[in-house]
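Notes for the one structure printed next.
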2 protein chains.
Amino acid sequence: MTEPKTPESAATTGPVKKHGRDGKSGATIYDIAKVAGVNPSTVSRALSKPGRVSAKTQKLIEDAAAELHYQVNPFARALPTGRTSTFGLIVADITNPTFFDIIRGAGTTATARDYTLVLADAAESAVTELTTARRMMATVDGLILASPRMDDDDIRALARDKPVVVINREVDGVPCVVPDVNKGISEAVRSLAANGHRKVAYVAGPAQSWMSARRWDGVRSACEWSKLDAVRLESTKPTVDGGRQSARAVVASGASAVLTYNDLLAIGLMQELQAAGVVVPDQISIVGFDDIFGADFTTPPLTTVRSPLGECGSGAATILLDRLAGAGGETAGTLSVETELVLRGSSGRLIVAR
Amino acid sequence: MTEPKTPESAATTGPVKKHGRDGKSGATIYDIAKVAGVNPSTVSRALSKPGRVSAKTQKLIEDAAAELHYQVNPFARALPTGRTSTFGLIVADITNPTFFDIIRGAGTTATARDYTLVLADAAESAVTELTTARRMMATVDGLILASPRMDDDDIRALARDKPVVVINREVDGVPCVVPDVNKGISEAVRSLAANGHRKVAYVAGPAQSWMSARRWDGVRSACEWSKLDAVRLESTKPTVDGGRQSARAVVASGASAVLTYNDLLAIGLMQELQAAGVVVPDQISIVGFDDIFGADFTTPPLTTVRSPLGECGSGAATILLDRLAGAGGETAGTLSVETELVLRGSSGRLIVAR
DNA sequence: ATCCATTTGTCAACCGGTTGCCAATAATTG
DNA sequence: CAATTATTGGCAACCGGTTGACAAATGGAT
């Protein structure tokens, strides 16, 4: 091998310092170009556009890159192209275990497709959420919003800028991933009816929650079908504490079976009822939603309508990544994932006290 | 106001297109410069170096920036400076609820200080962990490793490159945040001793877990002090399932009280014992570690040695951010956070069967 | 050997900020 | 009022890749 081009000469006093390695870490395509004896742009092409350069030049460059432990500088790449190989996930509340599986699903899919996941928490505030989303938009290729609290219009505005996928809510014109509650709910209601229950209460979630409305719809229509009474009760907040506070209303309602907006409410409710001497499920059956982590820690373990949250996360990530890969001209349909009843101990035959 | 400098003239046929707004979103400092009638570099200074420009120029520029809804392009800034306003958090296993609070703590601190958190999961693999860490290093200013599985040397190697903080493990030469188990453990053991227990079992975690070793040390020495027998049992994995599997060994050990490496093990153990007809805490007291989400869902609710995980997360983030802000010459000490006993229903007086 | 159609590599102009150096201006002092 | 010093703003060269335009080299067909 003869020294290709510009050797170390000319390094006398000229102001030529362009692209000089100053001891810092990281080789650049200029270093590779020097080693391989080609032009930097050729290196760039070899490394990003397959088939654009001849096989032997390709090999030459790849070898040099390997030898130098080359790693692209993501910023340098993002600057002219705008592509960042990163997407954001904003969850309504990191505290809420519902999102754990979503985060995991999205994270796994991201890594599998060589993307980086940036996570942010909206702390249940629509304002924080929007601010965070706006800030993120600058650094990501796309965004996933899990149970967003902001307006439909805000979401659509974001979606006009870069691909956005919504989880747990349907927004017109934006691709969504939503658990289809009907199957799980009708299984649950049928099971309750079969066990002798005649009146079912639904403890609702936050008033502005899209999903809570869907679930109530599902419960009402399933009850209608099974000829059961359905009554809707409000809750203060969708947490264990909120569940405790709803116990009084539940008892007052005279229902013998309760479905709650989520598992947290169900767990709190069960704790409070048991503390008051109510036997679950003999006197009251309780069914939650989501099958979150810990739903089976209770005694009796919680019966719940499982939403495949991990699947929602990975599904949303897949949709997003596909859009980023393709020209992005796909339709904005809704991906619906199945829910199912997980029958555990907190629901069962009604034992009428006499 | 008169039109400052270069008006729209000269836009005839010259190849002058530099920094032209091409309809894309986002104003640049060049746009601001034009509006404010100053040089781009002055805009840059006004926006990043406080006090470098005169008050009135500053105002002029800020107004223009506000009017144009200017937002810095993080990539353009990162390219020459290397600063990204981003740090990474790698957790050993996203599935494990222990990390939920850590993520939240770190996330909150990050946002509070205008940093972005990038999350990654190592899926309990030392190799994945190291790969992920290496890849992240290119895009972040610093790194937090929560319960890392990789070698001390690998961690130190990473730390040589950029600031690294470790949670739940002590590594020489690297700043660490570790819960000090002793206070919580001695409270637990004293409580057990006071309740008539004479023999305590410790169900250990993964063999290579630094923290499991610390906890066993703590249990042993606390038992010695309180004149109790201590026996160590191994577990298959630190999960609910692992806890179930350890039940047999626990019973065989003859201990009347058990501390487990973590809450998951404790919960599984309790479920299995109860299924076998053992009454908790009358016949066996169970104490977990961490006070994870759901630890109080069980019946009886779990007594546990709480580690302030959220504090660990935010503490680590604070250390990291302080280092990034300061020249980074601080010592690499260990930040120790206090643990405490959370006395719930799963531990109590030993009722000797007769 | 000549000419045309491809393939492959080079040039140079970006992407949007940052920063060292220097000149112009303003403030301070004699 | 002149001389000196402290501020402030401008110029231009980066950071490290990407990409359109174009020329050189290669190959095939005549």
Side-chain angles (χ1 to χ4, degrees), chain A residues 4-6 14-34 36-61 65 68 70-85 138-139, chain B residues 4-6 14-34 36-61 65 68 70-85 138-139:
Chain A
K5 310 213 167 171
T6 340
V16 187
K17 203 186 51 181
K18 226 173 177 180
H19 295 297
R21 301 276 72 250
D22 53 348
K24 290 281 174 188
S25 58
T28 71
I29 57 171
Y30 297 91
D31 299 324
I32 298 180
K34 201 169 289 175
V38 299
N39 189 285
S41 57
T42 305
V43 176
S44 173
R45 293 210 171 84
L47 264 27
S48 45
K49 301 238 178 353
R52 179 62 173 71
V53 305
S54 69
K56 70 174 201 296
T57 311
Q58 179 82 29
K59 171 130 181 41
L60 208 60
I61 289 174
L68 267 45
Y70 172 77
Q71 262 194 296
V72 291
N73 179 325
F75 305 110
R77 172 172 287 176
L79 191 46
T81 61
R83 284 179 290 107
T84 68
S85 293
T139 48
Chain B
K5 308 215 169 170
T6 341
V16 188
K17 203 187 52 183
K18 225 172 175 178
H19 296 297
R21 300 277 73 247
D22 53 349
K24 290 279 176 190
S25 58
T28 71
I29 56 170
Y30 296 92
D31 300 324
I32 298 179
K34 201 169 290 176
V38 298
N39 189 283
S41 60
T42 305
V43 177
S44 173
R45 291 206 176 86
L47 264 26
S48 46
K49 303 238 182 348
R52 179 61 173 71
V53 304
S54 68
K56 73 173 196 300
T57 311
Q58 179 82 30
K59 173 133 179 32
L60 207 59
I61 291 173
L68 267 45
Y70 172 76
Q71 261 194 299
V72 291
N73 178 325
F75 305 111
R77 172 172 286 175
L79 192 47
T81 61
R83 284 179 290 106
T84 68
S85 294
T139 49

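Lettering follows sequence order; numbering is per chain, from 1.
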- Nearest-nucleotide pick for A:Y30, side chain only, options being C:dT8, C:dG17, D:dG17: D:dG17

- Just compare D:dT8, C:dG17, C:dT18 and give me whichever is closest to any side-chain atom of B:S48. C:dT18

- Note on the structure: When A:L79 and A:R83 are each assigned the nearest nucleotide of DNA chain D, the 5'-most assignment goes to A:L79

- Map B:K56 and A:T81 onto DNA chain D by nearest heavy atom, then report which one ends up closer to the 5' terminus. B:K56

Over all heavy atoms of both residues, which pair between [X] and [Y] is shortest? Give the atoms and the distance, please.
X     : Y      : value
B:T84 : B:A78  : CG2-CB, 4.3 Å
B:F75 : A:A138 : CE1-O, 3.5 Å
B:A76 : B:P80  : O-CD, 2.9 Å

Send over the distance from [X] [atom1] to [N] [atom2], rounded to a whole Å.
X     : N      : atom1 : atom2 : answer
A:F75 : C:dT18 : CZ    : C1'   : 15 Å
B:N39 : C:dT18 : CG    : P     : 13 Å
B:Y70 : C:dG16 : OH    : P     : 10 Å
B:L60 : D:dG9  : CG    : P     : 10 Å
B:I32 : C:dT18 : CD1   : P     : 11 Å
B:R77 : C:dT18 : CZ    : C1'   : 9 Å

Measuring to OP1 and OP2 of [N], would you say a side-chain N or O of [X] lies under 4.0 angstrom away?
X     : N      : answer
A:N73 : D:dC15 : no
B:K49 : C:dT18 : no
B:T57 : D:dG9  : yes

Straight-line distance of [X] [atom1] to [Y] [atom2], nearest 0.5 Å:
X     : Y     : atom1 : atom2 : value
B:L60 : B:Q58 : CG    : CD    : 10.5 Å
A:T57 : A:R45 : OG1   : CZ    : 12.5 Å
A:N73 : A:I29 : CG    : CD1   : 10.5 Å

- Message: Angle between the two end axes of the helix from C:dA1-D:dT30 to C:dG30-D:dC1, five base pairs per end, rounded to 10 degrees?
- Response: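 One end axis against the other gives 40°.
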
- Task: Please tell me if the side chains of B:Y70 and B:L47 come closer than 4.5 Å, counting only heavy atoms from C-beta onward.
- Result: yes

- Task: Evaluate the side-chain proximity of B:S85 to B:R77: yes if any heavy-atom separation is below 4.5 Å, no if none is.
- Result: no

- Item | Partner of B:V38 under side chain to side chain contact (heavy atoms under 4.5 Å, CB included), chosen from B:I32, B:V53, B:I61 | B:I61

- Message: I need the residues from residues 40-47 of chain A with at least one non-hydrogen atom less than 4.0 Å from DNA chain C; give them sorted by number, or say none.
- Response: A:S41, A:T42, A:R45

